[in-house]
Student: 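Got a structure for you, written out below as structure tokens; questions coming shortly.
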Amino acid sequence: MTQNLADTSRPAAAPIAANAGATRDWWRDAVIYQVYPRSFADANGDGMGDLPGVRSRLPYLRDLGVDAVWLSPFYASPQADAGYDVADYRAVDPMFGSLLDADALIRDAHQLGLRIIVDLVPNHSSDQHEWFQRALRDGPASPLRDRYHFRPGKGENGELPPNDWESIFGGPAWTRSTDPDGTPGDWYLHLFAPEQPDFNWENAAVADEFRSILRFWLDMGVDGFRIDVAHGLVKAQGLPDIGGSDQLKLLGNDVMPFFDQDGVHEIYRSWRRILDEYPGQRIGVAEAWTPTVQRTANYVRPDELHQAFNFQYLGTHWDAAALREVIDVSLDSMRPVDAPTTWVLSNHDVTRHATRFGNPPGGTQIRTAGDRELGLRRARAATLLMLALPGSAYLYQGEELGLPDVTDLPDEVRQDPSFFRQAGQDGFRDGCRVPIPWSGTEAPYGFGPTAGGPSWLPQPAEWAGLSVEAQTGDPTSTLELYRSALAVRRATPALGAGSEVTWLDGPEGTLTFRRDSAEGSFVCTVNTTGEKVLVGAPGRVLLCSTGSVEVNAGEAVLEADSTVWWAV
Ligand code: NOJ
């Protein structure tokens, strides 16, 4: 079912001319904007976002001032996990468009000076993938079974799973297959939903196939890959029991036999060689949940991937001491491998930071709206802090509008597969996936072409006031704050470049750091407290998360929960 570009003689989209062959590593301080295609823009009015919709909004992203766009999966998929269950890695799902649409999108993006990073899902396929279907159909003797993890069950009649591993989405990580004669057969491993069988990366055909998939998209002109579950591909020999339940809680503290195994690094070394064959600095970004930032650094050694998400930063609450510590540890961990640190506050798997910060500290899955005003104030300050740090920053669509999570979606509209499984991770990820508002006063607020038309998740009525149209030109809006911040960041190399911050003294609950570059110096002050704080004004105000800052006779009043950028 793999699609072909109608005109196979078309050359691949050209890399961005300005940077092709340039010595500067564009990705080291890039601001990368995550598009979740289902929820970004719906060109054909079916209620589901699509690639023509993304393409039509590329000028908006160029004007916002980001460097690259990461697209969550748009491949052929039964959508058991919103596209993270891929049935054909070389085809675009008809719900999102066609390969021609992907090609046109990449070309347009490059013309606008935007790079395109696509999601790659190598840990598992869809259960509808041709290999898995054949493995089931051809029975236990099928050589295709070895491309997945099929095992006989334990117990007298094989009625128990082969080991005690739990699925991240809840329940056992194993599902029993049915043999062609209709009798219960072997079990197969799925660290996520049963519709997402894990590949066996010991099988050479799996490794070959993914190298070929990489080349397919690189030939199409993409600038890089965000690698889903990059830490999960290799499983410990013998698939040993863990010996306890509630394993999800252990993630983040211990190395599990299914995560962060040393063998994964050989895979990334082979991928790096492929990326380096292409012009224009194509990159790999690891989604690797590891126990420590130090272990994350292993994924971005000079001969492996380029970046890894900094989930420790994402998980840090609005607290000066905790933020300073995670910033230091992050920078210190990446320095020895000469990789840029990344910063991220929101994505499609966690509660949006405008909602997290309006609630008491409680992890990345929050189910209550909390104090909206407080959350937004802190979110704006947190964004300016993030964009002042050295390295690359990731934005998630809609955060530039200050969107909160939708915490009151009715159960009947929810689609997150983990919502339907017991005792698994989160289950409430739909709240950050609600289609974003562009314009107008009636849902879907310009997400689709027709007022009153459908959207796959309902949008709250108050989002009319948060649309791109409503915020454009309003100097107090979050959108204009992001636009200004990204413009200043572009014009002030001291913001993203390098790998050092110099901490300066400041009152309790505040953070002050200085960044120096050949072009000039910059100071960032952050007040994480709920009170105004008086500090010495370090220079000229460049930007302030609350709109303005009072400076008098060399002293500045930092508003509660605010960040100020200063030129010094
Ligand atoms: C991480 C993705 O971000 C998430 O959305 C998905 O459910 C899992 N990987 C499984 O692919």
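In this chain, numbering begins with 1 at the start of the sequence shown. Just follow the structure's listing: the first ligand is 1, and inside any ligand the first atom is 1.
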Student: Only pairs at least two apart or in different chains count here, so list each salt bridge (charged side-chain N to carboxylate O under 4.0 Å, His left out) that has a residue in residues 187-203.
Tutor: D198-K235

Student: What is the ring orientation for H190 with Y188, classed by angle as parallel under 30°, tilted 30 to 60°, or perpendicular over 60°?
Tutor: tilted

Student: Tell me whether R147 forms a cation-pi arrangement with W131, defined as NZ or CZ under 6.0 Å from the six-membered ring centre and within 45 degrees of its axis.
Tutor: yes

Student: Excluding sequence neighbours, so at least two apart, what forms salt bridge (Lys or Arg N to Asp or Glu O under 4.0 Å) with D408?
Tutor: none

Student: List for me each residue that meets ring-ring contact (aromatic ring centres under 6.0 Å, His included) alongside Y396, sequence neighbours excluded, and say none if there are none.
Tutor: none

Student: Give one line per pair: atom of ligand 1, protein atom, distance. Only N/O to N/O under 3.5 Å.
Tutor:
residue, atom, partner, partner atom, Å
ligand 1, 3 (O), R226, NH2, 3.0
ligand 1, 3 (O), H348, NE2, 2.8
ligand 1, 3 (O), D349, OD2, 2.4
ligand 1, 5 (O), H348, NE2, 3.0
ligand 1, 5 (O), D349, OD1, 2.7
ligand 1, 5 (O), D349, OD2, 3.4
ligand 1, 5 (O), R429, NH1, 3.3
ligand 1, 7 (O), D81, OD1, 3.4
ligand 1, 7 (O), D81, OD2, 2.6
ligand 1, 7 (O), R429, NH1, 3.0
ligand 1, 9 (N), D228, OD1, 2.8
ligand 1, 9 (N), D228, OD2, 3.3
ligand 1, 11 (O), H124, NE2, 3.0
ligand 1, 11 (O), D228, OD2, 2.7

Student: Only one of R134, Q133, Q128 passes side chain to side chain contact (heavy atoms under 4.5 Å, CB included) with E130; say which it is.
Tutor: R134

